[in-house]
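These numbers come from the heavy atoms of this one structure, side chains and all, not from hydrogens, waters or symmetry mates.
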Amino acid sequence: MKEITASMAGTVLNIFAKEGDQINPGQEVLMLESMKMEIPIESGIEGVVKEVKVNIGDFVNEGDVLLVLG
C-alpha cells in the first residue's frame with residue numbers, strides 16, 4: 001500500500017479525491033489550512049485511492065496518513 005501523508009499540521013479544508021479515483025504524481029488531493037494559509041497536498045505517487053482516512057474539519061499532524069493508494 002502507498003500512503004499520502006500530511007506535510008504539516010493543519011485542518012482539512014477540502015478533499016479532492018475519493019475512493020476509486022485514479023491519482024497521478026503532482027495531482028492535488030487535499031487542501032489543509034495551517035496558520036491561516038491554504039496548503040495544497042499533492043500526490044508524489046501514482047495509484048488508485050483505496051481509502052480516504054480523514055474528513056473535512058479534521059485536525060491532522062505532520063506525517064499523519066491522509067489517503068491510501070493501491
Over all heavy atoms of both residues, which pair between [X] and [Y] is shortest? Give the atoms and the distance, please.
| X | Y | result |
| --- | --- | --- |
| Ala6 | Leu32 | CB-CD1, 4.3 Å |
| Val54 | Ile15 | O-CD1, 3.5 Å |
| Val49 | Ala17 | CG2-CB, 4.1 Å |

Flag side-chain contact, heavy atom, 4.5 Å: [X] against [Y]:
| X | Y | result |
| --- | --- | --- |
| Thr11 | Asp58 | no |
| Leu30 | Asn14 | no |
| Ile4 | Leu69 | yes |
| Gln22 | Glu46 | yes |

Problem - Side-chain (Ser34) to main-chain (Ala9) donor-acceptor, under 3.5 angstrom - result: yes
Handout entry: Under 3.5 Å: donor-acceptor pair, side chain of Lys2, backbone of Ile45
Key = no
Fill in the blank from the handout: d(Glu51 CD, Met1 CE) to nearest 0.5 Å is 8.5 Å
Fill in the blank from the handout: One should read off an interatomic distance between Ile41 CD1 and Phe16 CZ, to the nearest 0.5 angstrom, of 10.5 Å
Practice task
Scan Val65, Val60, Thr5, Asp64 and name whichever one has a side chain to side chain contact (heavy atoms under 4.5 Å, CB included) with Lys53.
Solution key: Val65
Completion exercise
In Leu67, Leu66, Val52, the residue satisfying side chain to side chain contact (heavy atoms under 4.5 Å, CB included) with Val29 is Leu67
Problem - Within residues 32-44 or reaching into it, pairs that qualify as salt bridge (Lys or Arg N to Asp or Glu O under 4.0 Å) - sequence neighbours excluded - result: none
Hey, quick one: are [X] and [Y] part of the same hydrophobic cluster, counting side-chain heavy atoms closer than 4.5 Å, chains of contacts allowed?
| X | Y | answer |
| --- | --- | --- |
| Val12 | Val68 | no |
| Met35 | Met31 | no |
| Met37 | Met8 | yes |

Exercise for the section: Return the set of residues passing salt bridge (Lys or Arg N to Asp or Glu O under 4.0 Å) with Lys50 (not counting sequence neighbours), or none when no residue passes. Expected result: none
